[in-house]
Amino acid sequence: MKTLLLAVLAALSLSACVSVTATGDLGVVIERADGKVAVVNTTERTVLAEIDGLGDLSHASVVFSRDQRFAFVFGRDGGLTKVDLVTQRIAGRVLQSGNSIGGAISQDGRLVAVSNYEPGGVRVFDADSLEMVADIPTGSKVVGLVDAPGRRFVFSLFDAGEIWMADFSQGPSPRMTRYANVGKQPYDALITDDGRTYIAGLFGEDGFALLDLWHPERGVRRVLDGYGRGEQPLPVYKMPHLEWLTVSGGLAYLPAIGRHEVLVMDTATWRQVGAVPVLGQPVFIVAQPDKRRLWVNFAFPDNDKVQLIDVESRSVAATLTTGKGTLHLEFTPRGEEVWLSLRDEDAVSVWDVATLTPITRLNIAKPSGIFFTPRAYKTGM
Amino acid sequence: MTAALRLVAMLGAVALSVPAVAAEPPPNRQAELLALLHQDCGSCHGMTLRGGLGLPLTPERMDALSVESISETILSGRPGTAMPPWAPFMTADEARWLATQLQTGGNPP
């Protein structure tokens, strides 16, 4: 009886000091120079915590566990770090290669894959324990790694010009499919939000390589071939990043490389139907969640500005001077605000999307990627 | 090229190659160039210059090359690769100074 009373008292005192953390409005911002991530709250517009000890994050990306509790951070030095957003601590970390570029989490949330430059290949880990499940050497730098439905990962080989698919549906030994001669120097890739179509951007030629994952037996084909029309390409001071976005009317928008244009493609035919001239080499093209406007940032030396493309008129509707070293942008889940990382101003700037005015700034050192937890439910994010 | 022009060009090359140290940029420009090196060259070569999509620019690799060869690559890029020309953003002297910085480790951030 006495023991029971003590237990009840202990439970009561515990519940009095338990604070509940909901993760739906959380996110992480990479502090690229310091090997830290800032855990942020998008409702309060605050930094909740800074988590140290993630190694070299000079290029880094993030995927989330399906419960939005954990952020898997892929660092430049091959570090894979699992950050607990609730306790705001590192829950696990492995140094899994010498030089890595990005990663993905499987549809069921159980596998985390990392794409590596050195040694070139993909390594796949158990999302709970971070123990290695599979090692897929490629002999080439790997880019454009995405998750596809059915416990598959798809990725591209920069040096070899190939696309590979690793199918883990039958267990920890993947069934591999390789597509050779897809084009010169694929630099990044995306998967459509329905998980059906994988598209790799080519640096070495004007075009994209497309794989239909409903019909992988049909192989890879070229789309937007020769969009530069043989003109001498302009120098590219930063590689674009590819993310899928479609707008009403079944149109998709992709960055040209070596041309200061955003290419418009009809997703029914995969043919180019237009191009929107912009002020520099596009890096990220991100749609507002209402998909009325696209926000485009640029490579050096135009990385202090963002241009907005109006989807109805397919033209630039606004040019914003956002700040020096505008590296990345992320919308709040339903799109009323957008967060922009300003590397050279050591700040993240939050803008009102309706009025196109800045609301507040958060002091975050050398910010690069911004990742909010709703990405947990999106294929290819 | 006429003989006179060639002479001028040669004199120019001599004049440029000798005072590689003397032509050091002023301190504020040095800071800008180092920021450019780590942040913007770093887009491909890595902020710590240990490589990414671009090759590593470590002192061991850079020491094997001449300052002239490195600065020429910086200014003109390497056609057929992803390396773009940086001549619009710096002078030849500044490129040579950056090349010497690369050989000594590039003053990591």
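Quick note on labels: first sequence line is chain A, next is B, and so on, each numbered from 1.
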Chemist: In terms of heavy-atom pairs under 4.5 Å, which option from Gly51(B), Gly42(B), Gly77(B), Ala35(B) contacts chain A the most?
Modeler: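 Heavy-atom pairs under 4.5 Å are most numerous for Gly51(B).
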Chemist: Let's test your reading of the structure: which of His59(A), Arg343(A), Lys238(A) forms the most heavy-atom pairs below 4.5 Å with chain B?
Modeler: Arg343(A)
Chemist: Taking Ala82(B), Cys41(B), Gly46(B) one by one, which has the highest count of heavy-atom pairs under 4.5 Å against chain A?
Modeler: Ala82(B)
Chemist: With Val348(A) as reference, evaluate Leu340(A), Leu329(A), Ile370(A), Leu342(A) under the side-chain contact (heavy atoms from CB on, under 4.5 Å) test and give the passing residue.
Modeler: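 The side-chain contact (heavy atoms from CB on, under 4.5 Å) with Val348(A) is passed solely by Ile370(A) among Leu340(A), Leu329(A), Ile370(A), Leu342(A).
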Chemist: Evaluate the criterion salt bridge (Lys or Arg N to Asp or Glu O under 4.0 Å) for residue pair Lys324(A) and Asp304(A); output intermediate values, then yes/no.
Modeler: CA-CA 4 Å; Lys324(A) 283 182 71 185; Asp304(A) 61 337; over 6 Å; no
Chemist: Less than 4.5 Å apart, any side-chain heavy atom of Phe298(A) and any of Thr326(A)?
Modeler: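 No, every pair of side-chain atoms sits at 4.5 Å or beyond.
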Chemist: At a 4.5 Å cut-off on heavy atoms, which part of Asn303(A) comes close to chain B: side chain, backbone, both, or neither?
Modeler: side chain
Chemist: Answer with side chain, backbone, both or neither: which region of Tyr117(A) has an atom nearer than 4.5 Å to a non-hydrogen atom of chain B?
Modeler: side chain
Chemist: Does any backbone or side-chain atom of Lys184(A) lie under 4.5 Å from a heavy atom of chain B? Answer side chain, backbone, both or neither.
Modeler: neither
Chemist: According to side chain to side chain donor-acceptor pair (under 3.5 Å), who are the partners of Asn363(A), at least two apart in sequence or on a separate chain?
Modeler: none
Chemist: Please verify the inter-ring angle class for Tyr187(A) with Phe203(A); under 30° counts as parallel, over 60° as perpendicular, anything in between as tilted.
Modeler: perpendicular
